[in-house]
Amino acid sequence: MSNSSSSISQFLLLPFADTRELQLLHFWLFLGIYLAALLGNGLIIITIACDHRLHTPMYFFLLNLSILDLGCISTTVPKSMANSFRDTRAISYTGCVAQLFSFLFLMVTEFFVLTVMAYDRYVAICHPLHYGTLLGSRACVHMAAAAWASGFLHAVLHTAKIFSLPLCYGNAVGQFFCEIPPILKLSCSDAYLRETGFLVVSVCLGFGCFVFIVVSYVQIFRAVLRIPSQQGRHKAFSTCLPHLAVVSLFVSTVIFAYLKPPSISSLFLDLVLAFLYSVFPPAVNPLIYSMRNQELKDAMWKLMTGCLSINKLLISKPVLLTLLLLAI
């Protein structure tokens, strides 16, 4: 390999399995997970968009989260599935750049959206009288736009810096998709230390957002425990606990994956951690958010039953006409 990344035409991704049987098993498992994520997040997006009762700040940010989850899992899983099915490890240089940029953009944006969602729940429960003022339609759009713009800027800076480094330790990426830490390991330049420092600063910024989320939920739980009605406490917890579970899983795995000491690093551990923050959350987030949210479940059920009624109506007319023609 040349000492310049410009001479690399492709990268080799880390496979989940070596034998053909296990590769096909990986393909079918990831296909099932991917279809579940598409169905769950797609259903949430359609439900929120179609039901005017869900046109509130909380569901607006949940809509953004579902869109980001769909994009995030579509960035990593299809390529891994295709490689397993075709028994290859290759991804083009351009494809690797696009994958790293897209994953960073969507993942960072998702974390900012999760932070805004915590602020939304904090205002709704702790300052309900000011909710309409602090989280009006324009404020929600501005916060969502700021999250998307911050994620885009973050991804541009990191991607440009990573692929400007000379890569002289081969082209084998120690992960099943293109990501910053395994590509940094291929660099032979001292400039990678600056990128590592920038990465640490970014993770610390993310940790600061996580602290904000935790403090918000401490205040939320204190306010909820003061609610005299058991039904009111249950409703408050049903909208807060799913969000806290999603944030905890996402942040803990990302921070550990990016800041873990090299002494405990291994390919298997890296694969598991990457799966937990890149594949698992988009697949289970719809289940987490709909399982304890009766309002969302009712809206989904109404949407599905409405679609079934329309299908029955569309099907029944041709059948009826056929029966009439046969009778004649």
Side-chain angles (χ1 to χ4, degrees), residues 1-2 4-42 67-108 110 155 158-159 162-163 165 167-187 249-250 253-254 256-258 260 265-285:
M1 272 295 177
S2 167
S4 174
S5 59
S6 61
S7 65
I8 298 177
S9 61
Q10 66 177 17
F11 291 93
L12 300 177
L13 299 176
L14 185 66
F16 269 91
D18 296 327
T19 64
R20 188 61 185 152
E21 293 77 10
L22 290 177
Q23 286 176 342
L24 292 176
L25 176 63
H26 162 250
F27 170 80
W28 289 111
L29 285 175
F30 264 39
L31 178 62
I33 293 171
Y34 186 56
L35 291 178
L38 289 179
L39 177 63
N41 288 289
I67 294 172
L68 289 164
D69 279 338
L70 275 182
C72 191
I73 198 169
S74 298
T75 299
T76 58
V77 168
K79 181 59 181 176
S80 181
M81 287 167 49
N83 280 3
S84 290
F85 189 75
R86 295 183 300 173
D87 191 18
T88 182
R89 297 174 53 192
I91 182 172
S92 67
Y93 184 90
T94 305
C96 187
V97 173
Q99 190 178 61
L100 186 142
F101 169 79
S102 301
F103 181 72
L104 273 178
F105 169 44
L106 295 166
M107 188 176 70
V108 173
E110 178 164 338
H158 272 297
T159 305
I162 282 290
F163 288 98
L165 298 175
L167 307 177
C168 58
Y169 290 117
N171 65 340
V173 178
Q175 191 51 271
F176 73 94
F177 63 96
C178 289
E179 198 182 12
I180 291 178
I183 295 180
L184 271 181
K185 293 179 181 178
L186 303 178
S187 175
L249 175 65
F250 182 76
T253 51
V254 168
F256 184 73
Y258 277 69
K260 69 180 184 301
S265 180
S266 68
L267 291 179
F268 176 75
L269 180 61
D270 292 343
L271 276 176
V272 171
L273 290 172
F275 175 84
L276 286 176
Y277 64 74
S278 66
V279 178
F280 188 67
V284 301
N285 280 357

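Since we're looking at a predicted model, the values are computed, not measured.
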- Determine the interplanar angle of the F27 and F85 rings, folded into 0 to 90°, and report it as parallel if under 30°, tilted if 30 to 60°, perpendicular if over 60°. tilted

Considering only distance and modelled atom types, tabulate donor-acceptor pairs under 3.5 Å from the side chains of residues 32-42, sequence neighbours left out.
from : atom 1 : to   : atom 2 : distance (Å)
Y34  : OH     : S74  : OG     : 2.9
N41  : ND2    : A37  : O      : 2.9
N41  : ND2    : P282 : O      : 2.8

Roughly how far, to the nearest 0.5 Å, is the [atom2] atom of [Y] from the [atom1] atom of [X]?
X: Q175; Y: L271; atom1: CD; atom2: CG; answer: 5.0 Å
X: E179; Y: I162; atom1: CD; atom2: CD1; answer: 10.5 Å
X: D18; Y: D87; atom1: CG; atom2: CG; answer: 10.0 Å
X: I67; Y: E110; atom1: CD1; atom2: CD; answer: 11.5 Å
X: N171; Y: L167; atom1: CG; atom2: CG; answer: 9.5 Å
X: F163; Y: T94; atom1: CZ; atom2: OG1; answer: 9.5 Å

- Does a side-chain heavy-atom distance below 4.5 Å link H26 with P15? no

Of the non-hydrogen atoms in [X] and [Y], which two are nearest, and what is the gap between them?
X: T76; Y: S278; result: OG1-O, 4.4 Å
X: A90; Y: Q10; result: CB-OE1, 3.5 Å
X: I183; Y: C96; result: CD1-SG, 3.9 Å
X: S84; Y: R20; result: O-NH1, 2.8 Å

- Apply ring-ring contact (aromatic ring centres under 6.0 Å, His included) to the pair F275 and F176, showing each step before the final yes or no. CA-CA 9 Å; F275 175 84; F176 73 94; 7.7 Å; no

Enumerate donor-acceptor pairs with a distance under 3.5 Å from any side-chain N or O in residues 97-108 to protein atoms, sequence neighbours excluded.
from : atom 1 : to   : atom 2 : distance (Å)
Q99  : OE1    : C178 : N      : 2.8
Q99  : NE2    : T75  : O      : 3.0
S102 : OG     : A98  : O      : 2.8

- Just wondering, are more than 12 heavy atoms of other shown residues or ligands nearer than 6.0 Å to CZ in F16? yes

- Message: side chain to side chain contact (heavy atoms under 4.5 Å, CB included), that's the test. Do T253 and F280 meet it? Break it down for me.
- Response: CA-CA 11 Å; T253 51; F280 188 67; over 6 Å; no

